[in-house]
Structures are given as C-alpha cells and as structure tokens.
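Source: prediction; values computed, not measured. These numbers come from the heavy atoms of this one structure, side chains and all, not from hydrogens, waters or symmetry mates. Start at 1 with the first residue, then count along the sequence.
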Amino acid sequence: MSRTDVFDLGRLGLTPGEGRRFDLEVALEPLDFGGQRYDVVPASVPVRLDVARMVGGGHSLRLRFAAAVHGPCMRCLADAEPATEVDGREVHQPGGGEELESPYVRGEELELARWVNDAFSLALPSQVICRADCAGLCPVCGENLNEAGPEHHHEPEPDPRWAKLRELKFD
Ligand SMILES: [Zn+2]
Ligand SMILES: [Zn+2]
C-alpha cells in the first residue's frame with residue numbers, strides 16, 4: 001500500500017450525511033524524548049480513517065491506529081517498545097469559526113500525515129518504560145534490578161557525619 005500524506009476530501013463527492021471508511025498507510029516520524037531518539041514501529045502505520053459529510057457542510061473525521069515507540073527504557077535502559085492506541089476526531093466546517101475548523105484541513109485537503117504524527121505525540125505516555133513495574137537500575141552499583149531480583153541490596157554505608165563525630169576526642 002502506498003503512503004498517504006495528504007488526503008483529498010473533495011474528490012470523494014460525499015452527499016450530506018454520507019460516510020466512508022478508508023484503510024490507509026501513513027509515515028510516522030522518529031521522536032525526540034528527553035534528548036534521546038525513539039523510532040516509531042511500524043514506521044509506516046496502518047490507519048483507519050472515517051470520513052462523513054455533515055449536513056451543514058464540511059466533514060467530520062475519525063482517525064484510529066496503534067503504534068509503538070522503540071528505544072531504551074527510561075528506567076533500566078533495556079529495549080522498550082510500549083504501544084499506544086490513538087482514537088482522534090476532527091470536525092471541519094468551513095466558516096464555522098475556530099472551534100469548527102480543523103487545523104489539519106486546508107480547502108478540501110486533509111493533512112493526514114501531520115494529524116497522525118501530532119495525535120501520536122499527544123497520546124504517548126510521559127515516559128518510555130519497558131514495563132509498568134520496571135524496577136530500574138540500582139542507584140548504588142547500576143545493576144538492572146529487573147534481572148538482579150528483589151534480594152539485591154547493599155549494606156548501608158555509615159553516615160559520614162557520624163564518622164566525623166567518632167573522630168572527635170572527648171576528654
Ligand atoms: Zn525498564
Ligand atoms: Zn546494587
């Protein structure tokens with residue numbers, strides 16, 4: 001399937017109240033997350049687009065797809081690929097005022113790739129982690145605590161302030 005960047009709504013020739021469904025493929029750009037690059041999997045994502053012509057003119061649009069970001073877990077640095085589902089809607093009624101005009105529609109053209117990439121960024125969790133209960137790295141020795149297990153621990157270091165106190169001599 002070829003990738004869709006811009007989708008022509010005008011050529012559909014829908015009559016008011018009529019709707020159609022399209023299965024398309026859209027390119028997803030890699031993301032920058034805290035200075036780290038994350039690829040999106042798949043880079044070419046299957047997207048379902050529902051288009052309906054509204055009675056008052058214009059279109060209502062629904063966008064659905066699922067994709068994952070792939071890169072190092074922000075806690076343990078292992079490979080992470082958390083999946084995100086997107087279900088977005090836009091309404092575009094020319095001349096309907098700011099609330100009824102979609103930023104992704106220009107004339108009769110839907111900027112589908114831009115909408116898909118924006119919607120994906122907004123739907124992402126704030127952190128990329130390998131699993132919800134990732135234990136991260138040991139703050140003392142840096143070992144991966146998911147592998148080391150719960151018995152991994154270190155003897156507490158003596159507090160340096162007490163060490164200083166012990167050096168004081170009392171007569
Ligand atoms: Zn992790
Ligand atoms: Zn440790």
Sidechain-backbone polar pair: Arg114 side chain, Pro103 backbone, donor-acceptor under 3.5 Å: yes
Gly57 backbone acceptor or donor facing Gln93 side chain under 3.5 Å: yes
Donor on one side chain, acceptor on other, Asp118 and Tyr104, under 3.5 Å: yes
Beyond-backbone contact of Pro46 with Asp23, side-chain heavy atoms, under 4.5 angstrom: no
Contact check, side chains of Phe65 and Asp87, non-hydrogen atoms, under 4.5 Å: no
Side-chain donor or acceptor of Glu101 paired with backbone N/O of Gly95 under 3.5 Å: yes
Electrostatic pair Arg37-Asp39, nearest N-O below 4.0 angstrom: yes
Check: Ala135 main-chain N/O paired with Asn146 side-chain donor or acceptor under 3.5 Å: yes
CH2-CZ distance between Trp115 and Phe7, expressed to the nearest 0.5 angstrom: 11.0 Å
Nearest atoms (heavy-atom pairs only) where Val45 meets Ala66: CG2-O, 3.3 Å
CA sep, side-chain torsions, deciding dist, call: Arg106, Glu111, side-chain contact (heavy atoms from CB on, under 4.5 Å): CA-CA 8 Å; Arg106 291 191 200 286; Glu111 291 181 359; 2.9 Å; yes
Exercise: identify the closest heavy-atom pair between Asp32 and Gly35: OD1-C, 3.5 Å
From CA spacing to verdict: salt bridge (Lys or Arg N to Asp or Glu O under 4.0 Å), Arg64, Asp50: CA-CA 9 Å; Arg64 280 172 286 183; Asp50 290 319; 2.5 Å; yes
Atom pair CD/CG of Gln36 and Leu31 - distance to nearest 0.5 Å: 11.5 Å
Spacing of CG belonging to Leu110 relative to CG belonging to Leu49, to within rounding of 0.5 Å: 6.0 Å
Sub-4.5 Å side-chain heavy-atom contact between Leu145 and Leu137: no
Between CE on residue Met74 and SG on residue Cys130, distance to nearest 0.5 Å: 12.0 Å
Main-chain N/O of Cys134 paired with Arg75 side-chain donor or acceptor, under 3.5 Å: yes
Connected via hydrophobic side-chain network under 4.5 Å: Leu28 and Phe33: yes
Candidate pair His70 and Asp79, rule side-chain contact (heavy atoms from CB on, under 4.5 Å), full reasoning: CA-CA 7 Å; His70 177 240; Asp79 246 14; 3.2 Å; yes
Pro30 versus Val40, closest heavy-atom pair with distance: CA-CG2, 4.4 Å
Closest approach of Pro72 to Ala80 (non-hydrogen atoms, all atoms of both residues): C-CB, 4.4 Å
Steps toward side-chain contact (heavy atoms from CB on, under 4.5 Å) verdict (Asp8, Glu108): CA-CA 6 Å; Asp8 188 352; Glu108 294 280 84; 4.3 Å; yes
ILVMFWY cluster, Leu9 and Leu14 together (side-chain gap under 4.5 Å): yes
Any side-chain heavy-atom pair of Leu124 and Val69 under 4.5 Å: yes
Within-4.5 Å side-chain heavy-atom neighbours: Val41 and Glu81: yes
His154 vs Cys141 side-chain heavy atoms within contact, under 4.5 Å: yes
Any donor-acceptor pair under 3.5 Å from His92 side chain to Ser102 backbone: yes
Chi angles and distances behind the side-chain contact (heavy atoms from CB on, under 4.5 Å) call for Leu12, Arg20: CA-CA 9 Å; Leu12 301 177; Arg20 272 176 75 184; 4.2 Å; yes
Approximate separation, where rounding is to 0.5 Å, of Arg3 CZ and Ser44 OG: 3.5 Å
Gap between atom CZ of Arg53 and atom NE2 of His59 - 0.5 Å precision: 4.5 Å
Residue from Val47, Leu112, Val51 passing side-chain contact (heavy atoms from CB on, under 4.5 Å) with Phe22: Val51
